[in-house]
There are 2 protein chains.
Amino acid sequence: MRIGELAERAGTTTRTLRYYEARGLLTARRAGNGYRAYGEADLHLVRQIRLLQDFGFELEDTRPFVECLQAGHPAGDSCAASLDVYRRKLAELDDCLARLGAVREQVAAQLARAEQANPRCELTLTEGTVS
Amino acid sequence: MRIGELAERAGTTTRTLRYYEARGLLTARRAGNGYRAYGEADLHLVRQIRLLQDFGFELEDTRPFVECLQAGHPAGDSCAASLDVYRRKLAELDDCLARLGAVREQVAAQLARAEQANPRCELTLTEGTVS
DNA sequence: GCTGGCGTTGACGTCGGGGGGAAGGTCTAC
DNA sequence: GTAGACCTTCCCCCCGACGTCAACGCCAGC
């Protein structure tokens, strides 16, 4: 399979696949004409990367999963290093959720206070001439 | 007050203040020697920007607050446009929280599944020779 | 008159995840 | 023999909020 087909089947672009290769996440053997040649295992690998990317993982965080697959394991998260990434990401997510939640409450409080202090703002807004 | 003092009192850097000026958020009259000269109102303005930045607002989102202050209002959020930004940011935060929460659950599920499928990972980790 | 600490403008670097396009090689079909 | 669809490498561009020089001006104290 060439890069275009792999990109299409993995739901990404050739540009992205070459970028993964430049980052050392994806390797390709070369056909006689210099074209990259991929197999089904590469498709699984790229799909693993995309799944984690969709979770918001950075590319570097997908590396343990990639190495796990390359080592012959059936799934990218069959290795301890991958589980560590899961746990770390989970902690990051919890931290992020806590901070965002706190900010949300602060902004809500600011809004409530400002609306209270200046109750005509909504009126001037709805009465404004919106061209 | 010169730029260094304003930066220190506002808890930021001179580079940042010049950046705000380049973005049109902050204007300074000039002393005879070309140095920027600021007053107390500018300090309030920069503090307003920093507060919103700490909330995670983008710089452009602080512009209505800045213009509100420059129009002579006592607070940056005394104007309708500022309240609109509050409401929009609140909606963004809620959306972000919902998506992050969903991702968190997905990652937690992946971790639980992988730990279940491969219960020795923790052992191999603790038994591994960590040099 | 010299050092040190301010200030000025301007330009370039950072980070992540690629996008866009040039300039060219290759394969297939008509 | 030629169109067009694919591939190759290479290099610059993007976002946001600054950081980091470089090269220079201004001013105070000694």
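Chain identifiers are assigned alphabetically (A, B, ...) following the order of the sequence lines, protein sequences preceding nucleic acid strands; residue numbering begins at 1 within each chain.
- A salt bridge is absent between A/Glu92 and A/Arg87: the closest approach of a Lys/Arg side-chain nitrogen to an acidic carboxylate oxygen does not fall below 4.0 angstrom.
- Ranked by how close their nearest DNA chain C nucleotide is to the 5' end, B/Arg2 and A/Arg15 are led by B/Arg2.
- Between the CD atom of A/Glu60 and the P atom of C/dC15 there is a distance of 12 Å, rounded to whole Å.
- Taking atom CE of A/Met1 as the reference point, atom P of D/dC6 lies 16 Å away to the nearest angstrom.
- Of the residues in residues 30-52 of chain B, those placing a heavy atom less than 4.0 Å from an atom of DNA chain D are B/Asn33, B/Tyr35, B/Arg50, in numerical order.
- Atom P of nucleotide C/dG19 and atom CG of A/Leu17 are separated by 10 Å, given to the nearest angstrom.
- A/Arg63 has its CZ atom 12 Å from the P atom of C/dG16, to the nearest Å.
- The nearest whole Å value for the distance from the CG atom in A/Leu26 to the P atom in C/dG17 is 16 Å.
- Of the candidates C/dG17, C/dG7, D/dA17, C/dG17 carries the atom nearest the A/Glu58 side chain, counting heavy atoms from C-beta on.
- The distance from atom CG of A/Leu25 to atom P of C/dG18 is 11 Å, rounded to the nearest whole Å.
- Within the structure, every side-chain polar atom (N or O) of B/Gln53 is placed at least 4.0 Å from both OP1 and OP2 of D/dG16.
- Counting only distance, with no hydrogens or angles, the side chain of A/Arg47 and the backbone of A/Arg9 share a donor-acceptor pair below 3.5 Å.
- To the nearest angstrom, P of D/dA17 lies 16 Å from CZ of B/Phe55.
- Taking atom CD1 on A/Ile3 and atom P on C/dG18, their separation rounds to 13 Å, with Å as the unit.
- No donor-acceptor pair under 3.5 Å is formed between the side chain of A/Thr62 and the backbone N or O of A/Leu52.
- Between A/Thr14 and the phosphate of D/dC6, there is no side-chain N or O to OP1/OP2 separation shorter than 4.0 Å.
- Residues A/Leu51 and A/Leu43 do not share a hydrophobic cluster, defined by chaining ILVMFWY side chains whose heavy atoms lie under 4.5 Å apart.
- Distance from the side chain of B/Thr16 is smallest to D/dG19 among D/dG19, D/dG16, C/dG18.
- Counting heavy atoms from C-beta outward, B/Ile49 and B/Phe65 have side chains that stay 4.5 Å or more apart.
- Proximity of A/Tyr20 to the phosphate of C/dG18: a side-chain N or O atom is located under 4.0 Å from OP1 or OP2.
- Counting heavy atoms from C-beta on, the side chains of A/Arg2 and A/Arg36 never come closer than 4.5 Å.
- Between B/His44 and B/Gln48 the shortest side-chain heavy-atom distance does not fall below 4.5 Å.
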